[in-house]
Participant: 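Just passing along the structure, written as structure tokens.
Below, chains carry the letters A, B, ... as their sequence lines are ordered, and counting in each starts from 1.
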Amino acid sequence: MPSLECDAELMLRVRDGDKVSFGLLLEKHRTPVVHFLWRMVQNQAVAEELAQEVFLRVYRSRMNYEPTEKFTTWLFRIATHLGLNWIRDGRNEKLHDSLDRETTGGVSRQVPDRARTAEQELVYQARLREVRQAVGSLPAKQRAAVMLHKYEELEYAQIAMVLCCSESAVKSLLFRAYESLRARLAHLAQGGRKNGLPAQFRYGSGTNGRLGGAQTV
Amino acid sequence: MGAELTVALVARRLCEGAAEEFQQHVAICPKCEDAIAAQDTVWTALDDFRAAPVSAAFDEKLFRRIAADERHARRAS
């Protein structure tokens with residue numbers, strides 16, 4: 001019999017009244033959930049507010065918890081649902097961060113990297129603005145699919161369970177999203193297109209993709 | 001299938017055999033080469049999309065909300 005994943009074991013302990021286990025789950029998943037929501041809604045205060053709602057709902061559901069799926073699938077389904085609702089409700093029109101503002105709710109959003117020169121920092125911030133705008137321009141569900149795929153490194157099947165759709169729908173969302181991002185961010189290519197294919201993708205480079213157990217292609 | 005392979009290769013999620021096979025194809029296909037280069041640009045750019053640290057008061061606020069939620073639930077029952 002396969003052993004339960006660690007998160008599921010912790011959640012079962014939470015179900016049994018163990019608050020320390022809830023703290024451990026929070027410690028592990030707080031940052032990924034907040035960061036996922038920040039990339040979705042692009043507002044730090046809102047992201048943290050929504051993330052708190054995620055964990056509140058997890059805690060509220062503890063008595064009925066059954067490990068029928070991966071804990072992260074459930075967790076990110078709640079987070080995605082809240083993020084998509086917030087975007088759909090149009091509140092982002094009023095609360096969207098001004099890209100010129102340094103802070104949101106007293107929290108510094110982007111701390112300059114002291115390793116960069118002032119000019120490099122300007123270039124970096126301009127690039128970051130472009131990326132934020134490109135991601136922000138994606139339809140909400142495409143945005144969620146990319147965030148789950150890129151930053152949470154979820155497989156298509158797991159993204160499908162989070163988004164409550166089929167795997168083929170996930171692939172459609174992702175490929176359309178990446179196509180849009182390629183069109184918007186093409187000018188950010190390092191060293192222009194003269195250099196062609198990056199070395200790590202050339203045949204015989206010895207740096208093939210991750211071994212085994214990856215997306216089934 | 002090409003789009004799926006391109007995304008998977010750049011995301012480093014192809015198994016070694018599939019990656020090698022696709023790279024052999026890419027070596028003779030300028031269209032696929034361009035697609036991979038473009039996807040790599042996006043992938044690298046997304047690496048810059050870094051979020052700020054979570055605020056120090058996050059947990060405290062959450063536990064206060066949980067406590068308030070439980071008080072409300074007790075009153076309602």
Participant: Counting only non-hydrogen atoms closer than 4.5 Å, does Phe22(B) touch chain A with its backbone (N, CA, C, O), its side chain (CB onward), both, or neither?
Facilitator: neither

Participant: Of the backbone (N, CA, C, O) and the side chain (C-beta and beyond), which part of Arg60(A) lies under 4.5 Å from a heavy atom of chain B, both, or neither?
Facilitator: side chain

Participant: I'd like to know which of Val26(B), Asp59(B), Ile36(B), Val10(B) tops the heavy-atom pair count under 4.5 Å against chain A.
Facilitator: Asp59(B)

Participant: Considering only heavy atoms, which portion of Ala134(A) lies under 4.5 Å from any heavy atom of chain B: side chain, backbone, both, or neither?
Facilitator: neither

Participant: Which bit of Tyr151(A) is near chain B, if near means a heavy-atom gap under 4.5 Å: side chain, backbone, both or neither?
Facilitator: side chain

Participant: Is it the backbone or the side chain of Glu53(A) that comes under 4.5 Å from a heavy atom of chain B, or both, or neither?
Facilitator: both

Participant: Less than 4.0 angstrom from a charged side-chain N to a carboxylate O is my criterion; do Arg74(B) and Glu70(B) meet it?
Facilitator: no

Participant: So does Asp16(A) pair up with Arg62(A), basic N to acidic O under 4.0 Å?
Facilitator: no

Participant: Under 6.0 Å from the CD atom of Glu179(A), do we count more than 12 heavy atoms belonging to anything else shown?
Facilitator: no

Participant: I need the residue from Ala45(B), Ala56(B), Ala27(B), Ala73(B) with the largest number of non-hydrogen atom pairs under 4.5 Å to chain A.
Facilitator: Ala45(B)

Participant: Quick one: do the Glu121(A) and Gln125(A) side chains pair a donor with an acceptor below 3.5 Å?
Facilitator: yes

Participant: Between Arg65(B) and Glu49(A), does at least one N-O distance fall below 4.0 Å, as a salt bridge requires?
Facilitator: yes

Participant: Taking everything shown except His187(A) itself, do over 12 heavy atoms lie less than 6.0 Å from its NE2?
Facilitator: yes

Participant: By a 4.5 Å heavy-atom criterion (distance strictly below it), what part of Leu26(A) contacts chain B: side chain, backbone, both, or neither?
Facilitator: side chain

